[in-house]
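Data block below; observations after.
Start at 1 and go down the list; that is how both ligands and their atoms are numbered.
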Amino acid sequence: MPHDVREPGNARKIYVRSFGCQMNVYDAQRMTDTMAKEGYVETDKPDDADLIILNTCHIREKAAEKVYSELGRLRVAQEEAGRKPMVAVAGCVAQAEGAEIIKRARMVDLVVGPQSYHKLPELVALAQEKHGQHKKGIVETEFPVEDKFDFLAPPTKQAIAKRGPTAFVTVQEGCDKFCTFCVVPYTRGAEVSRPLGRLLDEVKRLADGGVREVTLIGQNVNAYHGLDDHGRSANLAELMARVAEVPGIARIRYTTSHPRDMDDELIAAHRDMPQLMPYLHLPVQSGSDRILDAMNRKHGREAYFELVAKVRAARPDIAFSSDFIVGFPGETDADFADTLDLVDKVGFAGAFSFKYSPRPGTPAATLGAQVPEAAMNERIYALQALLDKQKAAFDAACRGRRFDILLEKPGRLPGQLIGRSPYLQSVVVLAPREAIGTLASVVIRDVSTKSLSGDIVAGEFWPEGVPAGANLVRQDEQLEA
Ligand code: 5AD
Ligand code: SF4
């Protein structure tokens, strides 16, 4: 008799491991939700799983290679345990490398690109038939005409509750910018925006399940131009205005933005929309006009300064974070000095910086004048030292300030909860578990490199006021995340 996973007690287990960006976190949840409908229960232990999905990232070589080391580890674990779960490789490495993956790792049953996740149930069933028969795995990397979002299952109320009070919602996918270093336009495809009504339904469902903060995500999120119910194109500012009306949603964020798509309406939203958090991730990549041009970024350093000034004028307490690449082909010491100078002039509250990694198929990969490793190392070290200093100064200046903190999860020590400040800093407070999912007004007391800690002075969970002694920390307890 065939094994019917929908029979109670027969449930198969799915384990999804995501690498890379938030889009992958969102996709992992949608894949889990879709397979839940087929009777698969989520597990956080690969040893337990009947289906393992590695949701991969192709943005830099190091990220892409991780899938192969992970597959190697899984193979050893499987041989030791004497079990052979199904293994699928999803994400951008799947899209970029396709059948190559199966050539390099024969244990892989299924390779599925990001645009085909809605076909997962049928692909898994097909792969299941071949599984264990020494037949080659299945590869699905088409860009189908139908929209996967129309077919992916939404999360159940329990799944939403389990994931906590913050959620990502993919509003836009793909990119048409074609920066010369970047694989995204090839792995995720052309820019596509989801219709506004569908997104509002999704946000309402999340809010119903207890979500208080949504981060609208997309590779080029501020290029959002989804259709509204009247067939008109709506921009990100309009979408956020509608999201802000959803009961229960207290906070909105969006990421990742391209400087060219920061229109006036979006900037005005930072002034007018109290739910929109004053923290903007705005990748600049380089401070050198010459390099920005070679990167095909479509903006120069002056334009970036002007934009930062405009956003700051609209929302004076806003903080910026950014992405940087050092060692783009042809980058000289003078170009790099321009990057340090830009960082100095803007002042960032956080940032990600990377050494340039040539990606197959991108225009920059075949440029001459690749920067030697030693110079790259020197530059990344100097850049990160400056960015770390700026972050530390920003965090230190938060001491004594009062912020609303969204309490998200238990901390390391009993009685502790961890929440996020408007600036995405982790903040540790003492509060009961039942306060998770509520906003607390917190005065920041201590600042360390990892997190801040503070005392609650008021909050949704304490409508009558915070009980005396609620913030007392025992002498032997260090507040830390
Ligand atoms: N090499 C190094 N960093 C890269 N990024 C994108 N492509 C590359 C590459 N080829 C960085 C950019 C981007 C972030 C997500 O990853 O800074 O904003
Ligand atoms: Fe890549 Fe540039 Fe598009 Fe960002 S804007 S996803 S860096 S091509």
Closest protein heavy atom (residue, atom, distance) for [atom]:
atom                    : answer
atom 12 (C) of ligand 1 : Q285 OE1, 3.3 Å
atom 6 (C) of ligand 1  : I59 CG1, 3.4 Å
atom 2 (C) of ligand 1  : K355 O, 3.3 Å
atom 18 (O) of ligand 1 : D323 OD2, 2.6 Å
atom 1 (N) of ligand 1  : S357 N, 2.9 Å

Should the pair [X]-[Y] be classified as a salt bridge under the 4.0 Å nitrogen-to-oxygen rule?
X    : Y    : result
R205 : E202 : no
R194 : D147 : no
R242 : D228 : no
K148 : D150 : no

Worksheet item: Does R60 reach ligand 1 with a nitrogen or oxygen that is under 3.5 Å from one of the ligand's nitrogen or oxygen atoms?
Response: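 There is such a contact, yes.
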
Fill in: Heteroatom distance test (F181, ligand 1): nitrogen or oxygen, under 3.5 angstrom
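Between F181 and ligand 1 (N or O atoms, distance only) the closest approach is under 3.5 Å.
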
Item to complete: Using only heavy-atom distances, determine whether the side chains of D27 and N55 contain a donor-acceptor pair under 3.5 Å.
Response: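 No donor-acceptor contact under 3.5 Å links the two side chains.
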
Discussion item. Does either side chain, that of Q425 or that of D395, offer a donor lying less than 3.5 Å from an acceptor on the other one?
Written reply: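 Present: a donor and an acceptor within the cut-off.
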
Would a 4.5 Å heavy-atom cut-off, applied to side chains only, mark [X] and [Y] as touching?
X    : Y    : value
L406 : R251 : yes
L74  : L54  : yes
M23  : E173 : yes

Worksheet item: Using a distance threshold of 2.8 Å, what protein N/O/S atoms lie below it relative to atom 2 (Fe) of ligand 2?
Response: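 Atoms qualifying: C179 SG.
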
